[in-house]
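First comes the structure, then the notes that go with it.
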Amino acid sequence: MVQLYFHTNDPSKRKAVKWLVDHDVIANQRNIESEPLTESEVMHLLSLSIDGTDELISKRSRDTKALNMDPDQMTIKELTAAILKTPHILKNPIIFDKRKLMTGFDLEKIGMFVPKKLRKLELSALFAKLTPNSGKNIKLA
C-alpha cells in the first residue's frame with residue numbers, strides 16, 4: 001500500500017495524487033499538519049531515504065531557514081524533534097511504500113509505485129502497438 005504524506009495542497013501534491021489515481025495506484029493520503037507524525041514514523045521515513053536528510057528536508061523552505069538549522073550537522077534526535085515541531089521543513093508530498101520513498105512530484109520516478117505486474121502489462125501493450133505483426137511473440141520475463 002502506498003502512503004502519501006503532505007502538509008500543503010500545492011501543485012506537486014495535486015499532480016502526484018492525480019497521477020496515482022490515473023494509474024490505479026491506491027494511496028492513503030494523510031495531512032501531517034492536522035494528523036502529525038510520530039517519532040517512529042519520522043524514523044521510518046529517514047530509514048527509507050537513500051539520500052538521507054537531502055531527500056526529506058526542504059532547505060529552501062521558509063520554515064527551515066527560520067529555524068536556522070543545518071540538517072547535516074544535527075543528530076537524528078535533534079532532526080526528528082525539529083520535524084515533529086515544524087513539519088513544513090519536510091518536502092511536499094512524501095510518497096512511500098514498504099521499500100521505496102520519493103518526495104515531490106517527479107514523473108520519471110513516480111512509476112516505481114505501479115505494481116510490477118501492471119508495468120509489464122503496459123510494456124507489452126506498448127510493444128504490441130509498435131510492432132502489430134510481431135507483438136504476439138514478445139514475452140516479458
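- Across every non-hydrogen atom of Leu56 and Ser49, the tightest pair is CD1-CB, 4.2 Å.
- Under the side chain to side chain donor-acceptor pair (under 3.5 Å) criterion, Asp22 pairs with Lys18, sequence neighbours left out.
- When every heavy atom of Ala16 is checked against every heavy atom of Leu4, the shortest pair comes out as CB-CD1, 4.2 Å.
- Grouping the Ile, Leu, Val, Met, Phe, Trp and Tyr side chains by contacts below 4.5 angstrom, directly or via other members, places Ile110 apart from Ile94.
- Hydrophobic clustering of Ile, Leu, Val, Met, Phe, Trp and Tyr side chains at less than 4.5 Å, counting indirect connections, unites Leu79 with Leu48.
- Listed by first then second residue, pairs satisfying salt bridge (charged side-chain N to carboxylate O under 4.0 Å, His left out) with a partner in residues 80-97 read Asp97-Lys100, not counting sequence neighbours.
- Under the 4.5 Å side-chain contact rule for hydrophobic residues, Phe113 and Leu107 share a cluster.
- Contact record, Leu37 with Leu84: O-CD2, 3.1 Å, taken as the closest heavy-atom pair.
- Summarising the geometry, atom CD belonging to Gln73 is positioned 5.0 Å from atom CG belonging to Asp70; distances are rounded to the nearest 0.5 Å.
- Linking Ile, Leu, Val, Met, Phe, Trp and Tyr residues whenever their side-chain heavy atoms come within less than 4.5 Å places Leu67 and Met74 in a single cluster.
- With sequence neighbours excluded, no residue forms a side chain to side chain donor-acceptor pair (under 3.5 Å) with Ser58.
- Scored by the salt bridge (charged side-chain N to carboxylate O under 4.0 Å, His left out) test, Asp72 finds Lys59 as partners (sequence neighbours excluded).
- The two atoms that bring Gly104 and Ile95 nearest to each other are O-CD1, 4.1 Å, heavy atoms only.
- Taking 4.5 Å as the limit, some side-chain heavy atom of Phe6 sits within range of a side-chain heavy atom of Asn31.
- The two residues Lys15 and Phe105 make their nearest non-hydrogen contact at O-CE1, 3.7 Å.
- Thr80 places a side-chain N or O within 3.5 Å of a backbone atom of Ile76 that can act as its donor or acceptor partner.
- Counting only distance, with no hydrogens or angles, the side chain of Glu55 and the backbone of Ile50 share a donor-acceptor pair below 3.5 Å.
- Following chains of ILVMFWY side-chain contacts shorter than 4.5 Å, one can reach Val114 starting from Val17, so the two form part of one hydrophobic cluster.
- The neighbour count for Glu33 CD, taken as heavy atoms of other residues, nucleotides or ligands under 6.0 Å away, is above 12.
- Residues passing the side-chain contact (heavy atoms from CB on, under 4.5 Å) test with Thr75 are Lys77, Glu78, sequence neighbours excluded.
- Atoms CG and CG, on Asn92 and Asp10 in that order, are 4.5 Å from each other to the nearest 0.5 Å.
- Once rounded to the nearest 0.5 Å, the distance linking CD1 of Ile89 with CG of Asp63 reads 8.0 Å.
- Among residues at least two apart or in separate chains, ring pair (Phe, Tyr, Trp, His ring centres under 6.0 Å) pairs with a member in residues 67-88 are His7-His88.
- The line from CE of Met102 to CE of Met112 is 6.0 Å long, rounded to the nearest 0.5 Å.
- Residues Lys13 and Thr8 form no side-chain contact, since every pair of their non-hydrogen atoms from C-beta on lies 4.5 Å or further apart.
- A pairwise comparison of heavy atoms in Tyr5 and Glu41 identifies OH-OE2, 3.8 Å as the closest pair.
- Checked by atom type and distance alone, the side chain of Arg30 pairs as donor or acceptor with a backbone atom of Glu35 at under 3.5 Å.
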